[in-house]
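By convention in this document, chain letters (A, B, ...) are assigned in the order of the sequence lines, proteins followed by strands, and residues within each chain are numbered from 1. Not measured: the values here are computed from a predicted model.
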Amino acid sequence: MSRPGWDVPQQARQVARRLPRGGYVNLGIGLPAAVADQIDPDQHVVFHCENGLIGYRGMVGGDDPDPDVIDAGSRQVALIPGAAVVGHDLSFAIARGGRLDATVLGAYQVSADGDLANWTTPAARLSGVGGAMDLALGAKQVIVMMRHRARDGAPKIVQRCSYPLTARRCVGLVVTELAVIEVTADGLAVRQLAPDITFDDLQNATDAPLLAPSATP
Amino acid sequence: MSRPGWDVPQQARQVARRLPRGGYVNLGIGLPAAVADQIDPDQHVVFHCENGLIGYRGMVGGDDPDPDVIDAGSRQVALIPGAAVVGHDLSFAIARGGRLDATVLGAYQVSADGDLANWTTPAARLSGVGGAMDLALGAKQVIVMMRHRARDGAPKIVQRCSYPLTARRCVGLVVTELAVIEVTADGLAVRQLAPDITFDDLQNATDAPLLAPSATP
Amino acid sequence: MTQRTESARVALNKLVQDPSDAVAGIRDGSVVLVGGWGGVGVPDVLIDAVARLGASGLVVATNNCGMGRPADVGLLFRNGQVGRVIATYPVHPAATDFLARFESGEVELELIPQGTLAERLRAAGAGLGGFFTPTGAGTLLTERRETRVIDGLEHVLEPPLRGDFALIRAERSDELGNLRFRYAARGLNPVMAMAARTTVVQVDELVPAGRIHPDDVHLPGIFVDRILVSGGVP
Amino acid sequence: MTQRTESARVALNKLVQDPSDAVAGIRDGSVVLVGGWGGVGVPDVLIDAVARLGASGLVVATNNCGMGRPADVGLLFRNGQVGRVIATYPVHPAATDFLARFESGEVELELIPQGTLAERLRAAGAGLGGFFTPTGAGTLLTERRETRVIDGLEHVLEPPLRGDFALIRAERSDELGNLRFRYAARGLNPVMAMAARTTVVQVDELVPAGRIHPDDVHLPGIFVDRILVSGGVP
């Protein structure tokens with residue numbers, strides 16, 4: 001069954017091409033992991049993983065998997081020439097000390113003013129937080145990569161988060177399978193729509209009001 | 001002109017033989033540096049230097065001096081097999097985190113209850129502190145190695161320090177050229193006298209009352 | 001007149017032959033820091049030895065709560081040995097033993113951000129009394145923490161996290177306990193070694209003193225008390 | 001809507017050819033962290049470049065205040081470029097330039113314990129708002145610090161020490177700025193690199209990316225902004 005909008009590799013490419021050239025970028029678990037597979041090597045982005053690997057890429061044909069070379073979701077990856085390894089203390093000093101140009105994180109909810117909720121739900125009796133709070137607060141730019149709606153169809157881009165927050169006013173860009181949306185001082189500005197998606201489709205799938213591409217500078 | 005009591009190598013041997021077998025020991029600048037030259041290798045003491053070298057020894061004939069292998073006083077030393085190097089952050093985490101079995105420090109004054117003054121004098125307009133406070137507070141045992149009197153003849157083992165303190169109640173043992181003195185709950189207990197020194201000589205050179213060897217358990 | 005009463009760490013004779021000797025001294029209620037991140041850097045033989053030891057009511061600090069491997073930290077939950085766990089990501093679907101104990105109320109969970117876990121361990125190792133961090137401020141996870149606004153940003157005061165024991169894993173050790181880790185298997189292992197009163201390392205390979213260049217040591221042996229050479233639980 | 005406004009550190013094009021480019025941006029009043037401990041690990045070419053640049057009223061953090069070498073931190077005192085210095089051991093007899101400026105009241109000194117200097121730098125690098133330490137509590141050096149009794153021991157609250165620039169020296173760098181240091185020349189260089197908004201490294205040798213094994217990197221290039229290859233001031 002085909003779903004509307006970009007598939008995961010296409011969505012990951014939308015994130016990848018917006019990453020700062022030559023920047024250091026952390027990728028969270030889940031959908032964001034796919035960005036490492038879609039980056040143009042000429043962008044010279046260096047990926048940081050919370051586990052202490054700095055400088056990795058997605059596996060390609062011919063790569064030998066190494067059980068100790070994995071990403072945040074324990075997926076096999078490969079190291080680039082010039083990679084470095086640190087322990088978790090230094091890995092998170094990097095994240096918390098403001099050294100990451102961007103982090104790409106999954107989310108349960110993002111609000112119109114960039115609040116992020118991505119570690120627990122009101123119904124959850126048990127949650128994991130991992131590096132979400134460290135990264136959301138420490139990275140220079142927080143990019144959310146997620147499905148546009150929750151499994152039950154509820155919009156995840158909301159006027160105000162109803163889920164417990166990870167950090168306030170931290171998200172700068174949201175990339176879903178339907179669109180690329182920037183969090184601006186004026187509101188949520190649609191920067192790009194997936195080919196088969198109209199602005200009205202998008203607004204219908206979104207709780208917070210959106211600014212149409214033509215209406216945004 | 002010969003001075004009474006032990007010479008520096010002899011004094012250093014008095015310190016060295018009291019270091020815990022197989023222990024990690026920091027040596028301060030000045031007189032304490034000589035302890036590295038006098039240790040019995042069979043004690044397997046590992047010397048830690050505030051500059052991040054762990055596992056060094058005094059130079060012996062045939063050693064090649066290396067400009068980057070120096071002790072806290074910038075004196076050339078050599079590394080033992082099994083040496084390790086860390087940065088200052090980790091070197092002082094070791095000192096402050098309680099990993100050192102002992103530190104040997106110089107002093108201006110030591111009080112009867114083990115207060116240490118070794119970084120400045122009341123007259124000084126300018127002082128250096130280095131790692132003195134970190135080590136005095138962090139090491140499991142603080143051994144002071146110093147001349148028994150100041151250059152002006154003033155006793156340095158005093159009832160109460162008149163100089164600004166480095167740390168309170170930290171000194172466990174004082175080794176001067178005249179004697180080895182332990183700081184005990186009952187007072188300053190003389191553990192050993194230099195060969196040509198009497199207890200009365202020692203008491204005359206000392207501001208605080210001493211417990212004679214026979215009077216101490 | 002020493003201020004600290006921990007037993008001396010000696011550079012000598014750190015090698016232990018038997019897993020039970022490696023974990024000797026862990027008692028009911030001990031605070032045990034368990035290294036490993038996901039499936040890498042896991043001290044499985046030491047965890048297995050704690051399971052055989054049978055101490056209970058342990059307070060365990062760990063990144064995960066089990067990944068379904070034969071002897072990861074999940075084994076301690078399966079055995080009912082854990083009273084409280086401090087973890088960052090306990091929700092892996094394979095952490096079924098933890099889940100069962102958590103659901104039944106037998107295990108109390110303190111969930112903390114991963115960077116805060118690493119920093120609290122390091123603070124203990126560095127002899128700090130605590131630190132202010134903005135991470136987690138204003139969230140459910142830090143509701144009981146003291147807060148302070150520093151440079152316009154809300155911070156929480158986090159205490160050091162000290163362990164009675166750290167169980168860690170390294171690729172290689174020399175006779176003095178100088179360690180090398182391999183890629184992502186480094187993880188929390190070094191900071192946990194710093195934070196514990198007694199640090200036990202499981203290593204794949206032991207080499208003579210001097211074989212690891214001093215500038216190539218990842219964690220100096222001063223943080224290591226016992227070395228067990230073992231390639232892992234079969 | 002980013003929270004931090006520092007310019008991006010890029011993995012690309014870190015190499016600079018000229019010492020003046022290496023220190024470009026240091027202005028009157030900049031906070032400059034200067035690596036080196038005693039006579040080792042001293043970024044002499046970078047210090048010399050700051051002397052030629054001529055910025056004044058600098059706030060300098062350093063272990064020593066000069067050892068009488070041609071281009072150690074003493075040169076900045078000789079030139080009258082330093083307004084305030086944060087140091088642990090400024091009393092070396094060869095620190096004559098510092099001494100003269102200190103005696104005349106031109107330079108203000110903040111004397112701090114060496115471990116506190118390292119820890120304050122690291123706290124800045126790790127994004128902490130400050131930390132409690134027992135070191136220096138109850139002494140003249142911490143009279144103005146907030147204090148708190150933790151576990152029965154008096155602690156002082158120490159703030160992070162962030163630099164606008166760090167000038168450091170390493171033995172070797174690869175093209176991405178991954179660094180190796182040599183023995184005691186490591187010193188404060190890595191934590192200073194962590195603590196500065198812009199970190200400049202003087203290296204003896206540059207090697208291609210991939211030449212340093214990932215597990216052998218002492219300080220990852222993410223902390224390094226500019227690389228100058230130079231064997232030192234002649």
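A distance of 5.0 Å separates CG of B:Leu90 from CE of C:Met194, quoted to the nearest 0.5 Å. Note that CG of C:Asn13 is 7.5 Å distant from CZ of B:Arg21, once rounded to the nearest 0.5 Å. Atom OG1 of C:Thr199 sits about 5.5 Å away from atom CZ of B:Arg99, to the nearest 0.5 Å.
Between B:Val46 and C:Leu176 there is a side-chain heavy-atom pair separated by less than 4.5 Å. Residues B:Ile54 and C:Pro214 are not in side-chain contact: their nearest non-hydrogen atoms beyond the backbone lie 4.5 Å or more apart.
Only the side chain of C:Leu128 has a heavy atom closer than 4.5 Å to any heavy atom of chain B. With a threshold of 4.5 angstrom between heavy atoms, C:Arg122 approaches chain B through side-chain atoms but not through N, CA, C or O. Both the backbone and the side chain of B:Asp89 come within less than 4.5 Å of a heavy atom in chain C.
With a 6.0 Å radius and a threshold of 12 heavy atoms from other residues, nucleotides or ligands, B:Arg160 has its CZ atom at or below the threshold. A 6.0 Å sphere centred on CG of C:Asp151 holds no more than 12 heavy atoms belonging to other residues, nucleotides or ligands.
Considering only heavy-atom pairs separated by less than 4.5 Å from chain B, the leading option among C:Ala124, C:Gly210, C:Ala195 is C:Gly210. Ranking B:Leu173, B:Ile80, B:Val85 against chain C, the residue ahead of the rest is B:Val85, based on heavy-atom pairs under 4.5 Å. Highest contact tally toward chain C, considering only B:Leu79, B:Val86, B:Ile94, is held by B:Ile94 [criterion: heavy-atom pairs under 4.5 Å].
When atom types are taken as modelled, the side chain of C:Asn178 and the backbone of B:Ala84 share no donor-acceptor pair closer than 3.5 angstrom.
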